[in-house]
*Asks:* 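Can you keep this structure in mind? I'll have questions shortly.
Letters A, B, ... are given to chains in the order of the sequence lines, protein chains preceding strands, and every chain is numbered from 1. Because only heavy atoms are used, hydrogens play no part in the values below, and waters and symmetry mates are left out as well, while side chains stay in.
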Amino acid sequence: MSNEIAILGAGMHPWGKWGHNFVEYGVAAAREALADAGVPWRDVRFVSGGATVRCGYPGYVAGATFAQALGWQGAEVNTSYAACASGSQALAAARNKILAGECEVALVVGADTTPKGFLAPAGGYRPEDPDWVRFYLGITNPTYFALYARRRMDLYGDTQADFAKVKVKNAAAGSKNPRARYKKCFTEEDVAASAMVADPLRLMDICATSDGGAALIVSSVDYAKRIGKGDAPRIAAISTVTPSFASGVVEMPDIATDSAAAEGIDAQSFRAALPIKAYEEAGIGPEDVDVAEVYDLSTALELDWIEDLRLCERGDAAKLLRAGDTSIGGRIPVNPSGGLACFGEAVPAQALAQVCELTWQLRGQSGERQVQGAKVGITANQGLFGHGSSVIIKR
Amino acid sequence: MSDPMSNKPHAAAIEGWHTLGEQPHLIGTRCCGCGTYFFPKQTHYCKNPDCDSSEFEEVELSRTGTVWSYTNACYKPPAPFVAAEPFEPYTIAAVQLEKEQMTVLGQVVEGVSTADLKVGMPMELVLETLHETEDDIKVTWKWKPVA
């Protein structure tokens, strides 16, 4: 189809708590992606960066920061901020530039250095700030993940053992991923023995924050063919839609949902809406998907995503999990990278890391964690302030 | 939590977000154009994409609803939360209000654990201490299972 672009190269700096400047991770990821693509840096005419809001001014102008670090060569730059979907929005900007015929090859890159400890809001008395309000009332990030998890238990009969199974599955996959931060295998007993944070979620059900960097070299299909890479995986769809009013799910950092009381307004689920545009744009359906990388901020959230992507009926994700369908070697492997459970979240890099993993999977380069014969992959993530994304790649 | 012998006056932890009587209500607004409710109050623009009204009336929200979901906090949150020493875990509920078609978060009253709750259970709004200052006892809305 005419709106496809090629993924020529993928690169990542390993995730961890390295404590270095975020630019180092981005440059390392970019250089790996360039080498993977076999494209000289001077051929890149557009640098699209995912912004980090935690690393001062260079993070706000990430596109320019990375372009300068790699050596100014007159390319155009862009910086995208879309919380957890920043990488996808930066990728969408690169796709637009390529499809408009304004450039042939683009670098998309995101990296972050995360601070230690809680991310707490500024002090004082500031009831106009929803983030201040919810912390003042004792509502932290795990509260929201736990509300979604508990609802699954009461509505669908999921158990804490099911959530532990997600961790065990992802840890087993991540143990085979050299770029993952956590490579240790765990048992359900290990998860059950970890401290309760927000009932029903334990410490090992909730993802950490990490340092990391991810990059992609993308190009027009024409360019890919000219350099002998016409069979490279292609980006078939990028969805970065906003929610539709009225949001019926209470979202971080809000204290209440929208009201759906007005005539003609129904309660909506943002997560479920995200892949709809992606499937439509790619002209495929959930039945065509071979592998998925989803945003497992908690173990239980992975199960929500499986249903939001319509890989099974609502409420059936735990059945897939128990049957081994979502493990590598199963019917529809989910998070073969190990997911956020093994990476921890590096916000501006994470959506790109998902696409990197799918790129390697579709090329058959994932070694021990390879999903055999994968031709179509989908990502999904959601972040703060109405941002989220779903990307489909195919080969 | 607060010393039962304390003579300090009670004050809303967040001013103007709820009434202070025996049967407290959250205070929100309602769009005069489309009838959408807002909590916290919205007074300048309506978030309904089909409505461009800028007129709102202040309304008391329903003080009863049903549990959408629930959890607890086993670890002390960071500031601005003010924790009792030693920290006591507390329960949290998201409660759906039928008329307003919205869900509101809040702590659950002391003495109720997650084991006491279930999705769909009827709840009512009450006031309870959030924390104490040198001058007064800060109270806020909490959810309580309907007896």
*Asks:* Of the non-hydrogen atoms in A:S259 and B:E100, which two are nearest, and what is the gap between them?
*Replies:* OG-O, 2.9 Å
*Asks:* So B:S69 and A:Y148, do their side chains get closer than 4.5 Å, heavy atoms only?
*Replies:* no
*Asks:* Once rounded to the nearest 0.5 Å, what's the spacing between atom CZ of A:R202 and atom SG of B:C74?
*Replies:* 9.0 Å
*Asks:* Measure distances from B:K41 to the heavy atoms of chain A and classify the residue's part below 4.5 Å as side chain, backbone, both or neither.
*Replies:* neither
*Asks:* Looking at B:I14, is its backbone amide N or carbonyl O close enough to the side chain of A:Y125 to form a donor-acceptor pair, meaning the two atoms are under 3.5 Å apart?
*Replies:* no
*Asks:* Where does B:Q42 contact chain A at under 4.5 Å (heavy atoms): side chain, backbone, both or neither?
*Replies:* neither
*Asks:* At under 4.5 Å between heavy atoms, what parts of residues 266-273 of chain A are in contact with chain B? List them by residue number.
*Replies:* none
*Asks:* Starting at CG of B:L130, measure out to CG of A:L137 and round the result to the nearest 0.5 Å.
*Replies:* 6.0 Å
*Asks:* Report the option among A:G124, A:G264, A:A256 that has the most heavy-atom pairs separated by less than 4.5 Å from atoms of chain B.
*Replies:* A:A256
*Asks:* Quick check: are there more than 12 heavy atoms from other residues, nucleotides or ligands sitting under 6.0 Å from CD of B:E134?
*Replies:* no
*Asks:* What's the spacing between A:L203 CG and B:Y75 OH if we round to 0.5 Å?
*Replies:* 6.0 Å
*Asks:* Could you report the tightest heavy-atom contact between B:W17 and A:P127, atom names first, then the distance?
*Replies:* CZ2-O, 3.5 Å
*Asks:* On a heavy-atom basis, which atom in B:T71 and which in A:A198 lie closest, and how many Å separate them?
*Replies:* OG1-C, 3.4 Å
*Asks:* Does B:E60 CD have over 12 foreign heavy atoms under 6.0 Å away?
*Replies:* yes
*Asks:* What is the minimum heavy-atom distance between A:G138 and B:I92, and which atoms define it?
*Replies:* O-CD1, 3.7 Å
*Asks:* By a 4.5 Å heavy-atom criterion (distance strictly below it), what part of A:Y144 contacts chain B: side chain, backbone, both, or neither?
*Replies:* side chain
*Asks:* Is any side-chain heavy atom of B:P80 closer than 4.5 Å to a side-chain heavy atom of A:W132?
*Replies:* yes
*Asks:* Do you know which of A:D254, A:V133, A:L201 has the most heavy-atom pairs under 4.5 Å to chain B?
*Replies:* A:V133
*Asks:* If I measure from the heavy atoms of chain B, does A:A246 come under 4.5 Å with its side chain, its backbone, both, or neither?
*Replies:* neither
*Asks:* Counting only heavy atoms closer than 4.5 Å, note whether B:W68 contacts chain A via side chain, backbone, both or neither.
*Replies:* both
*Asks:* Under 4.5 Å heavy-atom distance to chain A, tell me which part of B:A83 shows up: side chain, backbone, both or neither.
*Replies:* neither
*Asks:* At what distance, to the nearest 0.5 angstrom, does CG of A:L147 lie from CG of B:L105?
*Replies:* 6.0 Å
*Asks:* State, yes or no, whether a side-chain contact exists between A:I265 and B:T36 at a heavy-atom distance under 4.5 Å.
*Replies:* no
*Asks:* If only atom types and distance count, is the side chain of A:T257 paired as donor or acceptor with the main-chain N or O of B:T103 below 3.5 Å?
*Replies:* yes
*Asks:* Counting only heavy atoms not in A:E313, do more than 12 fall under 6.0 Å of its CD?
*Replies:* no
*Asks:* For atom NZ of B:K144, decide whether the heavy atoms of other residues, nucleotides or ligands shown that lie under 6.0 angstrom number more than 12.
*Replies:* no
*Asks:* In the structure I gave you, are the side-chain heavy atoms of A:I255 and B:F39 within less than 4.5 Å of one another anywhere?
*Replies:* yes
*Asks:* Heavy atoms only: give me the nearest B:G35-A:A261 pair and the separation to one decimal.
*Replies:* O-CB, 4.0 Å
*Asks:* Identify the two heavy atoms, one from B:A79 and one from A:P121, that lie closest to each other, and give their separation to 0.1 Å.
*Replies:* O-CD, 3.9 Å
*Asks:* Distance from B:N72 atom CG to A:R150 atom CZ, nearest 0.5 Å?
*Replies:* 9.0 Å
*Asks:* Output the distance between atom SG (B:C51) and atom CD (A:E263), rounded to the nearest 0.5 Å.
*Replies:* 12.5 Å
*Asks:* Quick one about A:D154 and B:Y70 (side-chain donor to acceptor, distance below 3.5 Å, no hydrogens or angles considered), yes or no?
*Replies:* yes
*Asks:* Flag the pair B:F81 / A:T140 as yes when at least one side-chain heavy-atom distance between them is below 4.5 Å, and no otherwise.
*Replies:* no
*Asks:* Would you please go through residues 113-126 of chain B and name the residues with a non-hydrogen atom below 4.5 Å from one of chain A, in numerical order?
*Replies:* B:T114, B:K118, B:V119
